[in-house]
Structure formats: structure tokens, C-alpha cells
Protein chains: 2
Amino acid sequence: MQNGSARRPVTVIEVAQEAGVSPSTVSRILNGSAGVAADKKRAVEQAVERLGYRPNMMARHLVQGNSRTVGVLTQDIASPFYNDAIRGIEEGLMPHGYSPLMISGHWHSEQEGHAIELLLGRRVEALIVLGGSVPEAELHDVAARLPVVVLGRRIERPDFSGFSLVLDNFGGARRATTHLIQLGHRTIGHIMGLPEHADAQERLAGYRAALEDHGLPWDSSLVVQGDFREASGLLGMQRLLELDRPLTAVFCSNDQMAYGARLALYRRGIRVPDDLSLVGFDDLPGSSYSTPPLTSVRQPVHDLGRRMAEFVLARLNGQTPALPELELELVVRESTALVRVSPLPRPGPSSVR
Amino acid sequence: MQNGSARRPVTVIEVAQEAGVSPSTVSRILNGSAGVAADKKRAVEQAVERLGYRPNMMARHLVQGNSRTVGVLTQDIASPFYNDAIRGIEEGLMPHGYSPLMISGHWHSEQEGHAIELLLGRRVEALIVLGGSVPEAELHDVAARLPVVVLGRRIERPDFSGFSLVLDNFGGARRATTHLIQLGHRTIGHIMGLPEHADAQERLAGYRAALEDHGLPWDSSLVVQGDFREASGLLGMQRLLELDRPLTAVFCSNDQMAYGARLALYRRGIRVPDDLSLVGFDDLPGSSYSTPPLTSVRQPVHDLGRRMAEFVLARLNGQTPALPELELELVVRESTALVRVSPLPRPGPSSVR
DNA sequence: CTGTTAGCGCTTTCAA
DNA sequence: TTGAAAGCGCTAACAG
């Protein structure tokens with residue numbers, strides 16, 4: 001059995017020898033950069049085939065001074081939210097001969113710095129940052145050297161030369177809450193995301209604004225804190241249910257927490273949406289198949305990914321395109337319903353519907 | 001506003017000049033490859049800082065003949081299943097100074113070929129393949145050049161020099177079905193995955209084996225076809241419910257289809273697990289927060305990812321480690337329960353326990 | 001300890 | 001049309 005490693009890769013020189021031409025000719029044929037006699041072309045192609053030659057991109061890029069690569073700094077490759085964006089980025093990049101170099105910061109500022117270092121070392125031509133918490137100064141430095149677009153973070157520095165793309169979290173949250181109010185709900189809880197997270201703050205603000213819009217009182221005890229993950233949604237809902245205020249609806253700062261909240265309700269035999277309406281945020285792929293399908297605020301993440309890719313590519317070509325702020329859409333499914341007359345559910349055996 | 005592109009990156013030469021030393025000295029300091037006078041070291045470090053120098057990895061790798069990179073061919077970066085594996089791979093690679101170069105084939109044999117081409121061009125030192133359908137011949141060729149490990153595919157070629165790692169789908173499915181039988185279920189449906197997919201076939205076989213183990217009759221009308229996605233689970237369950245056989249449990253070939261099936265049941269007001277028990281396969285992160293939390297077969301994907309990474313790294317070092325076949329564990333949650341009413345006049349022989 | 005020299009594999013002048 | 005030569009940015013001998 002082969003060792004599997006070793007065996008030096010074939011080089012142009014070898015191909016050239018095999019085909020009886022010079023390395024430059026091989027290069028020209030491979031890149032179609034100049035006219036070449038048909039017979040030599042055939043000979044080279046055969047040699048390439050026979051030897052299993054594959055151009056060494058590192059060498060090629062070194063001499064050409066480009067890497068055809070765009071760095072993507074994500075927080076968690078495995079997070080359902082960022083994933084969609086990544087796929088969009090891929091789609092935007094590939095047709096132009098670029099590929100993404102992905103790396104995750106794992107919500108860890110230090111690791112993110114490290115990641116950027118690595119990306120820069122690999123000479124990515126542009127950088128797409130998905131959320132996270134790299135210091136603005138660092139982002140700014142990078143943006144001075146190459147096109148940068150950061151999603152989901154508002155960059156305060158007025159001189160930031162990159163592009164910061166923020167979604168209308170406020171508007172989305174306000175729309176979601178308004179939807180609940182229009183269904184007749186008057187006591188609406190909110191499970192908040194990580195409080196230091198701008199998204200969470202804006203969504204809270206949107207929730208509050210909707211309340212004010214309709215002359216409903218603001219009650220801070222109706223807001224509990226979570227961390228964007230399922231478990232915190234479960235805990236949050238439990239705490240909400242312990243209140244003596246009989247709430248009939250809850251708006252969660254993201255879908256994952258809504259899933260957790262849903263489970264807390266299931267355990268207590270509180271039906272959704274009959275006894276309590278639930279709204280999430282993000283519209284994860286799974287949300288259309290949860291029980292019941294979850295009403296949520298959709299962020300056009302996939303589309304956004306593609307646009308960001310195209311954006312940096314355009315910058316690379318010297319253009320200065322615009323990146324429009326996209327509206328967030330409320331997707332009404334089956335987890336929200338008209339408020340019932342008697343808001344107090346009676347706990348009982350776990351029965352869904 | 002800065003253009004954001006252009007501005008040639010700093011090179012060693014410039015750093016050397018700035019610090020008043022030779023390029024090799026700079027290199028030595030950066031790599032710690034030899035002792036250097038303290039003052040020169042300080043001077044260089046300052047120059048690096050001042051100029052914002054970052055070594056060009058492509059150049060470094062070119063001369064060193066390695067890329068410190070492992071290719072990861074996944075089907076879909078956004079699939080929750082592969083994601084976990086990817087995270088594991090990352091963890092396995094990073095401590096050794098390697099990074100993953102990820103690319104997705106999108107379940108498209110041709111695109112996968114293209115992806116491998118790209119990876120090879122970037123001189124990845126090893127390749128990790130997650131599922132997919134690249135022709136064996138191609139995999140074999142690659143494996144002759146560098147360490148390859150493929151997950152979730154049995155390679156038939158006896159001379160394959162890579163490592164093929166398959167999970168015990170059969171055993172997992174058998175265990176899941178047996179669990180149902182032990183709960184008293186006698187009419188158990190199965191929603192199958194893509195029939196051309198080995199995983200789907202093996203899980204079907206496991207389901208069938210469990211039936212036989214307990215002397216239950218095999219009934220092909222109880223098996224409907226899906227494609228591993230939610231929508232097909234929903235459709236599949238609908239078809240199952242149209243049967244006049246009153247089934248009390250369904251085993252789905254993966255969690256995503258189980259979610260779809262769950263939704264079909266919800267729509268008809270059939271309760272889980274009270275009226276019907278449901279089992280999935282994969283144990284996706286979301287499954288512990290579905291309603292009800294889903295009983296499923298856990299694949300240690302994350303762990304597997306780490307192990308695969310360590311495996312190829314070891315091969316790179318000339319070792320030939322083993323990759324143990326890991327057992328799949330049935331995670332019993334709340335979507336399965338004792339059968340309520342025995343719908344059939346106890347057919348078949350032997351005990352039920 | 002440090003500078004000089006010679007490449008890594010490729011493309012791109014520049015002549016022929 | 002083609003080959004020879006130079007050089008991308010870096011490190012690894014090899015002298016000193």
C-alpha cells in the first residue's frame with residue numbers, strides 16, 4: 001500500500017520536456033495567453049494528461065501578484081444563520097474565478113484577530129466579515145489595504161473605508177411586535193439576545209417602539225435576557241411564565257431562542273398558538289418545519305451573501321458600487337394567532353394541539 | 001475615501017532595509033529558525049510593526065514545498081450535518097498549524113471534480129471528503145498522491161490507498177427500529193432517504209433486520225421514499241397515513257425528514273408520541289429542541305471530524321494510524337412512547353417483553 | 001551570528 | 001510562433 005504522501009508534484013518543466021517544448025509554451029497553452037501551433041498544443045495537452053499535471057496555484061499567484069481569493073471571517077461555520085450567507089458568497093464569487101477562504105473566529109475576539117492575520121498572510125484580495133467583534137481599529141487598518149465589507153455591525157468610525165452593512169433589526173422587530181398587537185395581544189413578552197450585541201439591542205428597541213406606537217405600556221419585567229441560544233430561550237420562557245402577568249404572546253430575539261421557548265411551553269402543556277403566540281427572528285431553514293411552523297422575521301441572508309461577494313469584486317475592479325439596505329420581511333406562519341378571550345391556559349398533560 | 005484596493009504589500013526586502021539588516025535575518029527572526037542578536041531582533045520587530053508587514057504565505061509555502069493546508073470537500077457547507085464535522089476538522093487541524101480549505105460540491109458530481117481540481121491546484125497536503133459522489137477512480141488517483149480520508153462512503157476498490165470511513169448505518173437503524181418494537185409497536189413505517197444513497201439503503205436494511213429479529217412481517221407498502229429533505233418527509237408521512245394499515249410508529253432515515261413527517265402529523269392533529277412514535281437519524285442540533293424533542297440516532301460527527309483531521313496529519317508524518325469505526329448511539333427523547341392501543345391482533349410468534 | 005547566493009514553480013518580457 | 005532569461009517573495013544552504 002502506497003504511503004499516500006510524498007511524491008513531488010509534476011512541474012511545468014517536466015511537462016515541457018515530455019512535450020518537447022519550452023516551459024513558456026506550456027504556460028501559454030495552459031492560459032491561452034498567446035497563439036500556439038496546433039501540434040505543440042496537442043503534444044502539451046497529452047503530456048499534461050499523461051503526467052497528471054496541475055499548475056501550482058501558489059506559484060502562479062506569486063508571480064501574478066494576486067490570489068483570486070476572498071477571505072470570509074465568520075463566527076461559526078456551523079451556525080445556521082451564517083451558513084446561508086456563506087453559500088451566497090460562494091455563488092457570488094465562483095463565476096468570477098474567485099474562491100472564498102473561510103475561517104471562523106468562534107465569537108472570540110482574539111481568535112478573530114488571528115484569523116484576519118492568517119487571511120492577510122494568504123493574500124486574500126478582499127475581506128468579508130460576518131458579525132463578530134474584531135476591534136474597529138483592526139478592521140479599519142485592513143480596509144485601508146483591501147476592500148472590506150462587514151455584515152451585521154455598524155462601524156462608528158466616520159473614516160472607515162470599508163463598507164458596513166447592517167440590517168434593519170429595529171424595523172424587523174417592530175414589524176414582528178406590531179403583528180402580535182394587531183392580533184389583539186396586549187401583554188407581550190420579549191426574550192432578548194446577548195445584551196452587549198447590537199442586534200439584540202436594536203430588536204429590543206423595535207419591540208419597544210411597536211408597543212409605544214400602539215399606546216401600550218412598557219413593562220420591563222416582560223423582558224428577559226437570553227444569549228441567542230436555545231437553552232436560554234427555554235429558561236427565558238420559564239421565567240416569563242412565572243410572572244403573574246398573564247402574557248399571551250412572546251417575541252424572541254432569534255429563532256433559536258424561540259425553539260427553546262417553544263419547548264418550555266410544550267412541557268407545560270401550553271399550546272401554540274392557541275394559548276400563546278410566538279414570533280422569532282432570522283427565519284432559519286428549520287422554522288418552516290417546526291411545530292407549529294414559526295412566524296419569524298426573514299433576513300435575506302443568502303441574497304446578501306451574494307451581493308457582498310459581488311460588491312467586493314466590483315471594488316477590486318475599481319468600481320464603487322452601492323450596497324442597498326434590504327428590508328426584512330415578516331413571514332407569518334402558524335405560531336401566531338388572534339388572542340383568545342381567556343388568556344390563562346390551564347396546565348395539563350403535554351399535548352400539542 | 002480610499003480606493004481600498006491597490007497598494008502593493010510590504011515585502012521582506014523592505015523590512016530588511018528599514019531595519020538595516022539582510023532579508024535572511026528578517027526571515028530568521030520571523031521564524032525563530034536561528035539565534036539572532038537582540039538589538040537586530042528589536043529593530044526588525046519594530047520595522048515589521050511600522051510597515052505593517054505580513055509574510056506572504058504563498059511565497060513561503062512555495063519555497064518550503066508545503067501549504068499547511070488540508071482540503072475539505074463537503075457537499076454543502078450549509079448542511080447541519082456536515083457542519084459539525086467541519087468544526088471538528090478545524091479543531092483537529094489548527095493545533096498543528098494547519099488550516100482547512102473548504103469547498104462544496106453541492107451534491108453535484110461534476111462540481112465536485114472541479115472542486116478537487118481546485119484543491120489540488122492549491123496544493124493541499126491532504127484531502128478530507130465528506131460524502132458526495134466523486135467517481136471512485138478520481139478519488140483513487142488523488143489518494144495515490146496524498147492522504148485521503150472519505151467519510152460516509154464505502155470505497156469498493158480493493159487497492160484504494162486512502163481511508164474510507166463508514167458509520168454503522170445498519171446497526172443504528174436496527175437499534176432505532178428495535179427501540180420502537182420494544183415499545184410495543186408492530187406496524188412501523190419507514191421513510192427512506194435517496195434510494196441511490198448507500199446510507200439510505202443501509203438504514204433501510206437495518207430497519208428490515210430489526211423487523212426480522214422480532215419475527216415481524218416485512219411489508220413493502222410501509223416503506224415510502226424520500227430524499228433526505230423536510231418536504232419529502234412531509235409527503236412521505238402523508239402517504240403513510242393514507243394506507244389503511246394503522247401504523248403506530250415511523251422510523252425516518254434522517255432527522256430532516258422526521259421534521260417534515262412531524263409537520264404532516266401536526267396538520268392532521270395526530271399527536272406525537274401519544275398517537276404515533278417517531279424516530280429520526282443524525283441527531284441534528286435542533287432535534288433536542290423540536291416539539292417534542294426527537295428520538296434519534298446520534299452520529300458522533302464532530303468527534304469524527306477531529307479524528308479525521310488527526311488521521312491525515314498522522315499520515316503526513318509517515319504514520320499509518322487506524323480510524324476506529326464508531327458506534328452510533330440511540331438518543332431516546334420524547335417522540336417515542338409505549339404503543340397505546342395494539343392495533344393488530346398480535347401477529348407473529350414470540351415475546352414482546 | 002549574519003550576509004550572499006540560489007532557487008521554489010510559474011508567467012512574462014524580450015529577442016529571435 | 002517560440003525560447004531564454006528574469007523575477008514574484010520567501011527561505012535554506014553556504015560561507016564568512
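Here the structure is a predicted model, which is why all the values come from computation and not from measurement. Reminder, nothing fancy here: chain letters follow the sequence lines and each chain counts from 1.
Atom CD1 of B:I29 is separated from atom C1' of D:dT11 by 14 Å (rounded to the nearest Å). With rounding to whole Å, B:E14 atom CD is found 8 Å from D:dG9 atom P. What separates CZ of A:R60 from C1' of D:dG9 is a distance of 18 Å, to the nearest Å. Rounded to an integer number of Å, the gap from A:R54 CZ to C:dG9 P is 16 Å. Rounded to whole Å, the distance from CZ on B:R122 to P on C:dC10 is 15 Å. Distance A:R8 CZ to C:dG7 P: 14 Å, rounded to the nearest Å. Atom P of nucleotide D:dG3 and atom NZ of A:K40 are separated by 5 Å, given to the nearest angstrom. At whole-Å resolution of the value, CG in B:N56 and P in C:dG9 are 16 Å apart.
Contact annotation: B:N31 reaches the phosphate of D:dT11 (side-chain N/O to OP1 or OP2, under 4.0 Å). Between B:K41 and C:dT2, a side-chain N or O to OP1/OP2 separation shorter than 4.0 Å is absent. The side chain of B:Q64 contributes no N or O atom lying less than 4.0 Å from OP1 or OP2 of C:dC8. Neither OP1 nor OP2 of D:dG9 sits under 4.0 Å from any side-chain N or O of B:T11. For B:S22, no side-chain nitrogen or oxygen approaches OP1 or OP2 of C:dT2 to under 4.0 Å.
Residue B:R50 forms a salt bridge (charged side-chain N to carboxylate O under 4.0 Å, His left out) with just one option from B:E14, B:E18, B:E45, and that option is B:E18.
Here the side chain of B:V63 is nearest to one of C:dC8, C:dT11, C:dT2, namely C:dC8. The listed nucleotides are D:dA13, D:dC10, C:dT11; the one nearest the side chain of B:R28 is D:dA13. Of the listed nucleotides (D:dC10, C:dG9, D:dT2), C:dG9 has the atom at the smallest distance from the side chain of A:V12. The A:L62 side chain lies nearest to C:dG9 when the options are C:dC1, D:dT2, C:dG9. Considering only side-chain atoms of B:Y53, the nucleotide from C:dC1, D:dC10, D:dG9 that sits closest is D:dC10.
Other residues, nucleotides and ligands contribute over 12 non-hydrogen atoms within 6.0 Å of the CD atom of B:Q319.
Judged by distance alone with a 3.5 Å cut-off, no donor-acceptor contact links the side chain of B:R123 to the base of C:dG9.
With a 4.5 Å cut-off on side-chain heavy atoms, B:V150 and B:L165 do not count as touching.
When heavy atoms are screened at a 4.0 angstrom cut-off, B:S24 is found touching base atoms of the nucleic acid. The residue A:T25 sits close only to the backbone: its heavy atoms come under 4.0 Å of sugar-phosphate atoms, none of a base.
With respect to the salt-bridge test (charged N to carboxylate O, under 4.0 angstrom), the residues B:D141 and B:R145 do not qualify.
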Discussion item. Side chain to side chain donor-acceptor pair (under 3.5 Å), that's the test. Do A:S24 and A:S27 meet it? Break it down for me.
Written reply: CA-CA 5 Å; A:S24 356; A:S27 169; over 6 Å; no
Worksheet entry | Verdict with reasoning, A:R42 to A:D39, per salt bridge (charged side-chain N to carboxylate O under 4.0 Å, His left out) | CA-CA 5 Å; A:R42 265 232 333 284; A:D39 56 328; over 6 Å; no
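Positionally, the nearest nucleotide of DNA chain D for A:A34 lies more toward the 5' end than for the other of B:M57 and A:A34.
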